*Asks:* 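The structure under discussion is supplied below as C-alpha cells; questions concerning it will follow.
This one's a predicted model, so the numbers in the text were calculated from it and none came from an experiment. Lettering follows sequence order; numbering is per chain, from 1. These numbers come from the heavy atoms of this one structure, side chains and all, not from hydrogens, waters or symmetry mates.
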Number of protein chains: 2
Amino acid sequence: MNNSITLRDIARALNLSTSTISKALNDSYEIGEETKKKVIAYATEHHYVPNRMAKGLKQGKSRSIGVVVCSLDNNFVAQMLDGIDKVSTDKSYQIIIMQSKESQKQEIACIDLLYSGGIDGLLISPACETTDFSYLKNLQESGLPMVLFDRLTDQIDTHKVGADNFKGAYDATMHLINNGYKRIAHLNTNTKLSISTDRLNGYKQALSDQMISFNPTYLRSCDYTDSHKLNEDLEEAIQYYMSLPEPPDAIFTATDQITTRCLSLLNKLGYHIPKDLALIGFTNTELADAMNPSLSTIHQPAFEIGQLAAEKLISLIEQKHKEVDFETIKLETQILVRASTQTVPTSN
Amino acid sequence: MNNSITLRDIARALNLSTSTISKALNDSYEIGEETKKKVIAYATEHHYVPNRMAKGLKQGKSRSIGVVVCSLDNNFVAQMLDGIDKVSTDKSYQIIIMQSKESQKQEIACIDLLYSGGIDGLLISPACETTDFSYLKNLQESGLPMVLFDRLTDQIDTHKVGADNFKGAYDATMHLINNGYKRIAHLNTNTKLSISTDRLNGYKQALSDQMISFNPTYLRSCDYTDSHKLNEDLEEAIQYYMSLPEPPDAIFTATDQITTRCLSLLNKLGYHIPKDLALIGFTNTELADAMNPSLSTIHQPAFEIGQLAAEKLISLIEQKHKEVDFETIKLETQILVRASTQTVPTSN
DNA sequence: CTGTTAGCGCTTTCAT
DNA sequence: ATGAAAGCGCTAACAG
C-alpha cells in the first residue's frame, strides 16, 4: 500500500505541526502565505499524496460511490458506466464498480462490500433475479443515499433514472405494424423488473391500438441469468415460433443481448431477414449499421442515463439533511430504422 | 457514509471490550466459544459491517486494486475487466476502475487518485498517448506493485500480460496472402506502445516471408485519442488507398475500434467486401458472425489476459518482500476466418 | 498565525 | 480468556 510521506513527515522536516501542514495544504485562511508556499513546495517536491482512508475515516465520508451492475462485459452497461464515470470524475468522486452477474446473492455481497468500504452513496441497476428489495430498503433507511438506474422497481422510493421503455417498445411495435407486419412476436427476459414489464406493456398497447389482439403464443421469455442458457432459450423460442401453424412475421426483442443474438441465430438457422421474419429490438450496438442485414433498433440514451443517475445521487449525497421529493426520470428512446424491418412481407 | 454500528457499540451492548469483539469477529483463538457465539449473534442481528477504511488505515493495506484502462465503453476492455474482476472477487480484493481516455495527463490523475486511495497494487493498460513512463517507474520504486496488461512497454520492469500481437498480425497477413491477396494495406494506431509496433512487425514479417516487399504507402496510422477524429482519419485513409494507382486488395486492421469501424465505413462508401477489398483485423466483437459480410478476425483472449494479470498482481502484493523474476506473458491469439477474406480477387 | 489535542474505527501488543 | 492502551494519517476544535 501507499507508503508515501505523511503530514507528520512534512511537519518534522519543516519544524511545524501537522495541523499547520494540513491547513496549509487545504489552503486555510489561518495560514500565512509564506508558510503555505514552503509547505506546498516541500509537498510537491516529495510527492506527498494524502491518504484517502485516513481522511475518509476522519471526515465520515469517502467521496466514493458504489456502482452495481449486472455485468461489465455488456455494451449497454459500459455506455452507462461511462456516463456515470464522467460525472463522478467531474465532481471528484471515485466510483467502485461491481457486478452482480444477475444473481441476487452476489448483488448483496457486492453491496455489503461497498457499504463496508465506506461509500457515500449507491448507484444500482438490480440483477434480473432480484425480487426482494428489503435489503436495499434497509440500507436506505439506515441513511445510505441511493439511485436506481436502468432497471427500476416500485418497491423502493428514491430517485430513479431509466429509459422510457414503454414508449420504446410501443414505437418498435407500431413501426412493425405500420410496415405491414401483422403477426408480431415478442422475446423478452424472465425478470419482474420494470424493463421487462414496461416493454411488454408498450408492445401490447401498440397491438391493441391497432386492433390486433395479443396472442400469448407469440410471447416468450428467456433466462437471462446465464449466457449459455440464453442462447438455448432463444434457439428454442425461434424453433417454437417457426413451427407454429401461423408463425410470426416479425419479432420485437427486448434487450441488447437478446436482439443481437437473435439476429445471429436467425442467420445461422437460415432464415432470411426481413423476408422470412423482420427483426427490431432494443440494443445500443454501434455495429447495427454493419450487420447482416443492417438492424433496426431501439436505442437508449445510455450515457445520459448514467450521467443523470450520478448527478442525482451526488445531489442526494450533498444535501443529505434536506427533505427531497424523489423523481423517476424516463429518458426518450430513439427508433433507428434499418433494413431488418424494411420489406413488407408477401401478402396473405 | 456508512453509519452502521461499530465495534464499540457491540462492546458496550455486551459489556465487553472492543478488542474482545474484534478478536471474536476475527475468530481468534484467544476468545472463548461462548463469547464468540454471543458476539457473532449480536453482530449479525444488528448488521454489523466492518469499516474498511479504519481497517485499511490500521493495517496499512486496503485489499483493493486500482485498474486503469483507456475506456470503459470498449468491448475488448470490458472483457479484460471481467477477467480481472473474476480473480479479484475470488481473492476478495476490490477493484477500482478508472479511465484515461487515452490521455497521459488524465492517466496520471487516475493513478494519483488510486494511490491516495490506498490501493495495494496497480493494474494498468497505458494510454496510447503515454510515452514517458517515469511516473509509473517512480511509483514502482516507492513500493507499489504493478502489472501491465494488454498494452506493454519495455520501459518498465515488472510482470506484463498481453496477447501475442506479433503472431496474431503475422497470422492475419499470412492468411490474406494465402488467400491470394497481394497488395495488403495495414491500418494501425499512432501510438508507440507494443500493441502497435508488434502488430506492424508481424505484418512486415509475413510479407517478407512471402517475398512481398513492404510498401510504405500501404501503411497508415489513425489518431486513436478521439473517437470522432478516428473516423475521419479512417475515412481519409481509405480514400487515399483507393485513389492509389495500385490500390490495395486487402486491409489488415490493428485494433478493435479500427476494424469494426472500417467495415462500417467500407460499406458506407459502397465498396464490396471482399470483392473490392478484403478485410481482417483484431477485434473481439461477438457480432463478427452477424456482420455484413461476416468478418474475419484476430481474436484475443481478453478475459484470460485480465485474469492472469490480476493473478500476477495479487501474487506480487502478497509476497511483497521476496525477490521475483518478472515475466512477460504473451497469450495466443486466434484467427477466425469468415466471409470478409474469402473471395480470391479477380486475377491481374 | 501556529500548535495541542482528541478522535474517526479498527487491530495488536502487552498486561492481567 | 479478556481488557487497556497505543496508533494508523488525518482534520477540527480550541488554545495560545
*Asks:* Taking the nucleotide of DNA chain D with the closest heavy atom to each, which residue, A:T18 or B:T20, is nearer the 5' end?
*Replies:* B:T20
*Asks:* Looking only at side-chain atoms of A:S17, point me to the closest of D:dA12, C:dG3, D:dC10.
*Replies:* C:dG3
*Asks:* Given atom CE of A:M53 and atom P of D:dC8, what is their separation to the nearest angstrom?
*Replies:* 13 Å
*Asks:* Does a side chain donor of either B:T130 or B:E107 reach within less than 3.5 Å of an acceptor in the other side chain?
*Replies:* yes
*Asks:* For D:dG7, take OP1 and OP2 only and decide whether either is under 4.0 Å from a side-chain N or O of A:R8.
*Replies:* no
*Asks:* Is any side-chain N of the basic residue among A:E45 and A:K38 closer than 4.0 Å to the acidic one's carboxylate O?
*Replies:* no
*Asks:* Starting from C1' on C:dG9, measure out to CG on B:L25 and report it in whole angstrom.
*Replies:* 13 Å
*Asks:* Of the listed nucleotides (C:dC10, D:dA1, C:dC8), which one gets closest to any side-chain atom of B:T6?
*Replies:* C:dC10
*Asks:* Take A:K55 and B:N15, find for each the nucleotide of DNA chain D with the closest heavy atom, and name the residue whose nucleotide sits nearer the 5' end.
*Replies:* B:N15
*Asks:* How close or far is atom C1' of C:dT13 from atom CD of B:E30, stated in whole angstroms?
*Replies:* 10 Å
*Asks:* Using whole Å, what does the distance between atom P of nucleotide C:dC1 and atom CD of A:E33 come to?
*Replies:* 8 Å
*Asks:* Rounded off to whole Å, could you give me the CD1-to-C1' distance for the A:I21 and D:dG9 pair?
*Replies:* 14 Å
*Asks:* Rounded to whole Å, please give me the gap between NZ in A:K61 and C1' in C:dG9.
*Replies:* 17 Å
*Asks:* For B:Q59 and C:dT13, give me the distance from atom CD to atom P, rounded to whole Å.
*Replies:* 11 Å
*Asks:* Look at the side chain of B:K58 against the base of D:dG9 and say whether a donor-acceptor pair falls under 3.5 Å; ignore hydrogens and angles.
*Replies:* no
*Asks:* Which residues pass the ring-ring contact (aromatic ring centres under 6.0 Å, His included) test with A:H47, not counting sequence neighbours?
*Replies:* none
*Asks:* Quick one: which of D:dG9, C:dT2, D:dT2 gets closest to the side chain of A:L57?
*Replies:* D:dG9
*Asks:* Could you state the atom-to-atom distance from CG of A:N26 to C1' of C:dC1 in whole Å?
*Replies:* 16 Å
*Asks:* So, is A:S22 near the phosphate of D:dT11, with a side-chain N or O under 4.0 Å from OP1 or OP2?
*Replies:* yes
*Asks:* From the options C:dG9, D:dC10, D:dA1, select the nucleotide whose nearest atom is closest to the side chain of B:T35.
*Replies:* D:dA1
*Asks:* From the options D:dC10, C:dC10, C:dT11, select the nucleotide whose nearest atom is closest to the side chain of A:P50.
*Replies:* D:dC10
*Asks:* Kindly say whether, by distance alone, the side chain of A:S19 makes a donor-acceptor pair under 3.5 Å with the base of C:dT4?
*Replies:* yes
*Asks:* Any Lys/Arg nitrogen of B:E327 or B:K312 sitting under 4.0 Å from an Asp/Glu carboxylate oxygen of the other?
*Replies:* yes
*Asks:* For B:K101, is there an ion pair with A:D82 - N to carboxylate O distance below 4.0 angstrom?
*Replies:* yes
*Asks:* Measure from the side-chain heavy atoms of A:K23 and tell me the nearest of C:dT11, D:dG9, C:dT2.
*Replies:* C:dT2
*Asks:* State whether A:D27 and A:K36 are salt-bridged, where the test is any N-O pair (Lys NZ or Arg NE/NH1/NH2 against Asp/Glu carboxylate O) under 4.0 Å.
*Replies:* yes
*Asks:* Checking contacts here: which listed nucleotide (C:dC8, C:dT11, D:dC10) is nearest the side-chain heavy atoms of A:L7?
*Replies:* D:dC10
*Asks:* Using only side-chain N and O atoms of B:Y29, determine if any of them is under 4.0 Å from OP1 or OP2 of D:dT2.
*Replies:* no
*Asks:* Between C:dC8 and B:N51, is there an OP1 or OP2 to side-chain N/O distance shorter than 4.0 Å?
*Replies:* no
